[in-house]
Amino acid sequence: MELATKYDPSVVEDKWYKYWTDHRMFHSEPDSRPAYSIVIPPPNVTGVLHMGHMLNNTIQDVLVRRARKLGFNAVWVPGTDHASIATEAKVVNFLKEQGIDKKSLTREQFLEYAWQWKEKHGGIILQQLRKLGASCDWDRTKFTMDPELSEAVIDVFIDLYNKGLIYRGVRMVNWDPKALTAVSDEEVVYKEVHSKLYYVRYQIEGEPGEYITIATTRPETILGDSAICMHPDDERYAKYKGKRAIVPLVNRSIPLIYDEYVEREFGTGALKITPAHDINDYNLGIKHHLETINIFNDNGTLNESAQFLVGMDRFEARKAIIPLLEEAGNLVKIEDYTNKVGYSERTNEVIEPKLSLQWFCKMGELAKPALAAVMDGDIKFYPDKFKNTYAHWMENVKDWCISRQLWWGHRIPAYYLPNHEFVVAHNIDEALQLAQQKFPELNLSKEDLKQDEDVMDTWFSSWLWPISVFDGIRHPDNPEIQYYYPTSALITAPDIIFFWVARMIMAGLEWRGTIPFKDVYFTGTVRDKLHRKMSKSLGNSPDPIMLMEQYGADGVRFGMLLSSPAGNDLLFDEALCEQGRNFSNKMWNAFRLVKGWQVDDNGQQPAHTAAAIEWMQQRIQEVLGSMEEDIKRYRLSEALMSVYKLVWDDFCSCFLEVVKPPFHQPIDGKTYNQIIDLFEILVNILHPFIPFITEELWHTLRERNDGESLMLTPMPRYSGSVDQKLLDAFANTRSVVEQIRHIRSEKNIGPKNALKLHVYADSTVSTPGLDAVIMKLANVESIDYVAADAQVSGASFIEKNVKYAVPLEGLVDNDEEKRKLQADLEYAEKFLQSVLKKLSNESFVKNAPQKVVDIERKKQSDAEEKIRILKEQLAKL
RNA sequence: GAUCUGUUAGCUCAGUUGGUUUAGAGCGCUUGCUUGACAGGCAAGAGGUCACAAGUUCAAAUCUUGUACAGAUCACCA
């Protein structure tokens, strides 16, 4: 069979993914083995795969595949969330394209369209994850609006309401005039913008010609002003105490008030107060009993209360009011100004602070144990610097606005009665019952009850995710939740630490009494080479699907993993995927080499081969040891790099070169089997990182039965120790080989010219196997152990204080050799001096641990010996 | 503005409780190779006064303080 010189992942990857799913190998059911569980951070149902998902899901897949191979009953639960705002916006647009206006639909009609859209277009991302190799238990795929998950959300709402942790009230909220809903504090992003500062003067009532000047960035809100505030100690304004001012244009009389909140240095030191449209003004309004005048409609246009510019958009009005103010003689001046403005994270619309009646969840009590869980180390953060961020937020946590003025989502289970009271219940029947109990005199029937029109924040379902995917809210004792919860690890992005991670911890402790996960691994942000965040608008993000087509899913996984130490930003570079692809190709070709050999079952195993196999076994042990430690600490890039080097540098560049039979000669059967064993171990170790090519090679290295898979084959484990002496001896052998190759390179001696090697040592120190390795790798035809004073003309080197020489008749320039030796000598002498300086320091010898002093003494004797050899060598030339 | 985290080779990063020769890796770079597995390759190299300054110590990339720069989080003044 001829094998292509280049590995082609395209056929292989689809084949094995189908094989795994056909055999339902990702599926898990509770059993007697220990569980390892991960729940996917549910992507938006509207989402498509981007580089952040690639990183996040590759990491989860590595952990799950590894756990599976370590004997855990591993489950990775996939799913999506319903993303209220994003999905509703998508559906509204979709309908608009078909000429349907949302307003013309009833709630039920709209939701029917929304579900249709979801079934047809939602969850593409879950399909895309298959291409990556994600070993999710697809039978368990969940959606936050599935009936059982929805019920859990309602249960939780009612539970919190009954505990007094959910309340309804009028508060200043972040209003998104585009999505026409409130959003939580966490959904507002502040951006710096260039704007203007308008100075406007208000006439003092009853004092013609007397004015007080304020500065504002939002002149349109003047129409809703209900006071002007100054600092009580500001002498400039002391004279106005008790007076009133006239609001320009609307000619409303408003009080002049004094409060320490005002910064005297800023602007004019006089602040206009619009309690309906600014959170700080609102608080001052309450304190000073001011009138609240709401001048905006929900969509951000001015309403009747504004009296002027009614119906105009707030930003248009901001421009349009200027000439009016000027005309009225109230505009003083305009300055350029830079300030920060809040934008809706979802729609990128400027947030309008708005007073409205909303539902809130009290966070203080929920936050306390959740903070402790992280600070006490029950939950570990990787990297742990995020503990600070977490603590800071948790200690200053504010109540959570959980209602959204949308239709797509979990409807708030509150039912209003004709008397403006309400009850909270699972359904209308229960609500009616409750209402009748509460108000028997009203003689209520179902028609009297009206359910709240709003839905809940999407995160109000996401925070239950690790519980609700196992149905642990509705059925707290069911076998699945008992078995899989708490989950083993959460892999997520740090920007949702508050939205999601913190709240999941609260929910876990509140409804399960235990933490929802033990470890939280925060991935970095994927950026481009110029450190810019990858985004659609910048167009700097590669298409993950195209990347996988180009480099193979294994190649892309390799690239993502290699560049992602935990928590560090990841500067994505396609070159890393290329490196991954090249690695696959390297293994493929190693396989081609091995498969191409003729096997002679009667052949004898050569000494160099026996030595190399022993060494390779120890090297694998060494790497397994470091890898287990790395993975325990979530240092996946280091773990992968250590196997990468094991395969490429040790197995391919060294081991295979040693055991390779001469051209057209067979390899002995014992060696062949041992090589296949080693190869199998290597693909086994690599499988969690690059599952496709490893599965392919595993199936071709030996005959397998249908239904067998590398992903279910136990992972080789570190035995607990390595033969360090053997490893050191082989490392020394490789150094000698390198030195000889260096001589070849310097003297321009081709690899086909065999060389001789003289070792200035007693032959009893030699190991025949290792000598044979040197002969093979460096193409040395003979190794002679000679007396220390033997004369050889050639190139020499010292390794571990043993002198070696390669006799080279006529090829060596004595002067050049001398110069080199002289340089070595100088270096060694300088080094010796530094060691001696240390050792002659009495306090060092007295204070340093004996071990450290011994090391220095050893350095001294080694250096002295080296100097002796170098001098001897120089004398001979 | 407050807090936190960084600053080590051209780039991206390791470097455990201070002590294993004068600091490591991958990529990139330089030089030489039509080497019977692989140019998606092979071999050999070059490259760093560990941001800066002071201090603690027998000993500092590692600990302390300060400075500079970068990033993150939170808070915002109209």
Side-chain angles (χ1 to χ4, degrees), chain A residues 3 5-7 190 197-198 214-218 221 229 261-263 265-274 278 280-281 337 339-340 383 385-393 396 494-495 497-498 525 529 531 551 555 562-565 567-571 573 575-576 578-579 581-597 629 633 635 637-638 641-642 644-645 652-653 656-657 660 663-664 738 741-746 748 750-752 827-828 830-832 834-835 838 841-849 851-856 858-860 862-863 866:
Chain A
L3 295 168
T5 59
K6 288 193 172 144
Y7 171 67
Y190 288 90
L197 197 54
Y198 302 88
I214 58 90
T216 180
T217 53
R218 301 198 59 189
T221 62
C229 188
Y261 166 77
V262 176
E263 296 261 342
E265 291 73 27
F266 190 89
T268 61
L271 171 65
K272 74 183 207 62
I273 306 295
T274 323
D278 182 281
N280 299 304
D281 290 9
Y337 186 61
N339 63 335
K340 283 190 176 174
K385 66 178 176 186
F386 288 109
K387 273 169 90 168
N388 289 319
T389 312
Y390 180 82
H392 185 261
W393 189 76
N396 301 285
D495 49 343
I497 185 168
F498 311 131
T525 306
K529 273 190 277 187
H531 295 239
Y551 300 105
L562 209 57
S563 56
S564 61
N568 276 3
D569 280 356
L570 179 161
L571 304 185
D573 186 344
L576 292 162
E578 195 182 331
Q579 197 183 346
R581 180 200 63 182
N582 294 352
F583 183 52
S584 291
N585 194 51
K586 186 71 186 175
M587 283 199 293
W588 176 251
N589 277 290
F591 168 74
R592 281 180 64 218
L593 172 69
V594 172
K595 275 285 151 176
W597 290 331
E629 188 56 34
R633 295 165 65 189
R635 295 154 55 124
S637 59
E638 310 224 333
M641 182 47 74
S642 66
Y644 173 83
K645 286 192 280 192
C652 295
S653 297
L656 288 179
E657 292 300 330
K660 191 191 255 181
F663 187 54
H664 277 325
E738 264 172 41
R741 285 174 173 174
H742 179 60
I743 290 168
R744 279 185 187 281
S745 183
E746 260 193 343
N748 254 321
K752 282 181 176 159
Y827 180 91
K830 218 169 137 197
F831 175 68
L832 178 63
S834 77
V835 174
K838 237 181 187 180
N841 182 339
E842 262 179 55
S843 31
F844 170 72
V845 181
K846 210 165 62 193
N847 293 320
K851 212 177 89 193
V852 176
V853 179
D854 286 347
I855 288 164
E856 291 303 314
K858 176 84 165 62
K859 284 187 202 170
Q860 181 194 351
D862 283 355
K866 188 166 186 180

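Just so we're on the same page: letters track the sequence lines, and every chain starts at 1. No hydrogens, no waters, no symmetry mates; every other heavy atom, side chains included, goes into these values.
With B/rG19, B/rC58, B/rU73 as the choices, the nucleotide that has an atom nearest any side-chain atom of A/Thr389 turns out to be B/rU73. With B/rG15, B/rG19, B/rC38 as the candidates, the nucleotide lying closest to the side chain of A/Phe844 is B/rG19. Distance from the side chain of A/Lys586 is smallest to B/rC42 among B/rC74, B/rC42, B/rA44. Closest approach to the A/Ser653 side chain among B/rC42, B/rC58, B/rA37 is made by B/rC42 (side chain taken as heavy atoms from C-beta onward). Here the side chain of A/Asn589 is nearest to one of B/rA37, B/rA14, B/rG26, namely B/rA37. Considering only the side chain of A/Tyr7, B/rG40 comes nearest among B/rG40, B/rA37, B/rC42.
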Below 3.5 Å between N/O atoms, which protein atoms pair up with nucleotides 76-78 of chain B? Just atom names and distances, please.
unit_1 : atom_1 : unit_2   : atom_2 : d
B/rC76 : N4     : A/Lys340 : NZ     : 3.4
B/rC77 : OP1    : A/Asn280 : ND2    : 2.0
B/rA78 : OP2    : A/Tyr337 : OH     : 2.4
B/rA78 : O3'    : A/Thr217 : N      : 2.7
B/rA78 : O3'    : A/Thr217 : OG1    : 2.9
B/rA78 : N6     : A/Glu263 : O      : 2.6
B/rA78 : N6     : A/Phe266 : O      : 3.3
B/rA78 : N1     : A/Glu263 : N      : 3.4

Distances for protein N or O near nucleotides 8-11 of chain B N or O, under 3.5 Å:
none

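Nearest-nucleotide positions on RNA chain B for A/Gln579 and A/Asp495 put A/Gln579 closer to the 5' end. With RNA chain B read from its 5' end, the first of the two nearest nucleotides for A/Trp393 and A/Leu656 is the one closest to A/Leu656.
Taking a cutoff of 4.0 Å between a charged side-chain nitrogen and a carboxylate oxygen, A/Arg741 and A/Glu738 do not qualify as a salt bridge.
A/Cys652 comes within 4.0 angstrom of a nucleotide base, judged by non-hydrogen atoms across all strands. Within the nucleic acid shown, A/Lys838 has no heavy atom closer than 4.0 Å to any nucleic acid atom. A/Asn388 comes within 4.0 angstrom of the backbone, heavy atoms only, and of no base.
Taking all atoms of both residues into account, the shortest heavy-atom contact from A/His531 to A/Leu571 is NE2-CD1, 3.3 Å.
Across the P atoms, B/rG6 and B/rU65 are found 13 Å apart, a figure rounded to whole Å. For B/rG48 and B/rC42, the C1' atoms lie 28 Å apart once the distance is rounded to whole Å.
Here A/Tyr827 counts as stacked on B/rU22: its ring centre is under 5.5 angstrom from the base ring centre and the planes meet at under 30°.
A/Tyr644 and A/Phe583 have tilted rings, their planes meeting at an angle from 30° to 60° on a 0 to 90° scale.
On a pure distance criterion of 3.5 Å, no polar donor-acceptor pair joins the side chain of A/Glu856 and the base of B/rA59.
When base pairs are accepted only as Watson-Crick or G-U wobble with both N-N or N-O distances under 3.5 Å, RNA chain B takes part in stems of 3 or more pairs at B:1-7 with B:68-74, B:10-13 with B:24-27, B:29-33 with B:41-45, B:51-55 with B:63-67.
In this structure, A/Glu578 atom CD and B/rA39 atom P are separated by 14 Å, rounded to whole Å.
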